[in-house]
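Values in this document were obtained by computation on a predicted structure and should not be read as measured data. Numbering of residues begins at 1 and proceeds along the displayed sequence.
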Amino acid sequence: MRDFLFRVNFFEFYSSIRDTNIGHAVLDCLCEYGVTGICDFNRYSDMESYHLSESEINCMKMLLAQFFDSIDKTDERHKRAVINGRNGGLKGGKFGGRGNKKSTGTARAE
């Protein structure tokens with residue numbers, strides 16, 4: 001089990017789906033993958049509440065692949081941040097951030 005971040009674009013994608021069966025299947029699949037790391041698409045064709053066709057399941061796979069990638073990358077970043085925090089953070093008195101900031105001091109001619 002793992003935690004996952006339900007992003008705004010996940011909700012926008014879900015709310016744009018007009019068919020309620022597909023929408024509920026997409027939401028269940030996103031949550032299942034986010035928490036367990038796997039999603040069994042075959043169960044959506046067998047469940048009585050969904051009754052999705054093979055073409056609808058293939059469409060779901062294609063559309064959700066980008067969201068699964070986003071969930072995996074977010075999980076990897078979180079794990080790296082936790083490990084970095086356990087190791088004491090950045091070493092040598094360095095500050096966090098993106099790259100080295102160059103001095104933009106303005107020299108005045110007097």
Side-chain angles (χ1 to χ4, degrees):
M1 297 295 243
R2 62 184 186 178
D3 295 332
F4 82 104
L5 179 65
F6 196 88
R7 298 184 179 272
V8 173
N9 61 344
F10 297 171
F11 178 73
E12 290 171 350
F13 173 70
Y14 165 72
S15 61
S16 69
I17 298 172
R18 298 188 189 274
D19 187 348
T20 57
N21 284 341
I22 295 174
H24 291 303
V26 163
L27 184 62
D28 284 351
C29 194
L30 270 174
C31 292
E32 179 185 357
Y33 187 82
V35 173
T36 64
I38 56 172
C39 181
D40 181 18
F41 286 99
N42 294 328
R43 78 182 188 108
Y44 295 104
S45 63
D46 298 336
M47 292 179 74
E48 293 178 11
S49 59
Y50 297 116
H51 289 299
L52 298 179
S53 67
E54 190 66 32
S55 63
E56 290 171 333
I57 291 174
N58 288 335
C59 184
M60 256 179 56
K61 287 180 185 179
M62 182 182 66
L63 294 172
L64 289 175
Q66 62 184 341
F67 296 116
F68 292 166
D69 188 46
S70 174
I71 290 170
D72 289 339
K73 287 182 180 181
T74 301
D75 190 49
E76 288 173 14
R77 278 194 302 274
H78 174 71
K79 286 178 183 176
R80 282 195 310 265
V82 168
I83 290 170
N84 187 28
R86 286 184 186 152
N87 292 336
L90 298 172
K91 304 291 183 204
K94 296 179 182 176
F95 295 102
R98 295 180 180 240
N100 295 329
K101 306 247 191 255
K102 292 186 178 180
S103 171
T104 59
T106 56
R108 294 184 188 180
E110 292 185 25

I need the [X] [atom1] to [Y] [atom2] distance, nearest 0.5 Å.
{"X": "Leu63", "Y": "Leu30", "atom1": "CG", "atom2": "CG", "value": "10.5 Å"}
{"X": "Ile22", "Y": "Cys29", "atom1": "CD1", "atom2": "SG", "value": "12.5 Å"}
{"X": "Asn9", "Y": "Tyr14", "atom1": "CG", "atom2": "OH", "value": "15.5 Å"}

Checklist line | With Arg80 via side-chain contact (heavy atoms from CB on, under 4.5 Å) - residues at least two apart | finding: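 Arg80 satisfies side-chain contact (heavy atoms from CB on, under 4.5 Å) with Glu76, Arg77 once adjacent residues are dropped.
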Margin query: For a 4.5 angstrom cut-off between non-hydrogen side-chain atoms, does Ile71 reach Tyr33?
Written below: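 They are in side-chain contact.
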Next item on the list: Would you please name every residue forming a ring pair (Phe, Tyr, Trp, His ring centres under 6.0 Å) with Phe6, sequence neighbours left out?
Entry: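 Phe10.
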Next item on the list: Just grab all the salt bridge (charged side-chain N to carboxylate O under 4.0 Å, His left out) pairs involving residues 56-73, residues at least two apart or on different chains.
Entry: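 Qualifying pairs: Arg2-Asp72, Asp69-Lys73.
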Notebook entry, point to check: With sequence neighbours left out, which residue pairs that include part of residues 9-25 fulfil the salt bridge (charged side-chain N to carboxylate O under 4.0 Å, His left out) condition?
Noted result: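 Qualifying pairs, neighbours excluded: none.
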Next item on the list: Applying side-chain hydrogen bond (donor to acceptor under 3.5 Å, both in side chains), name anything that partners Lys79, two or more places apart in sequence or on another chain.
Entry: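 Listed in chain order: Asp75.
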Checklist line | Listed partners of Ser16 passing side-chain hydrogen bond (donor to acceptor under 3.5 Å, both in side chains), at least two apart | finding: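 Not a single residue meets the side-chain hydrogen bond (donor to acceptor under 3.5 Å, both in side chains) criterion with Ser16.
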Checklist line | Closest non-hydrogen atom pair between Met60 and Leu52, with its separation | finding: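 For Met60 and Leu52, the tightest heavy-atom pair comes out as SD-CD1, 3.7 Å.
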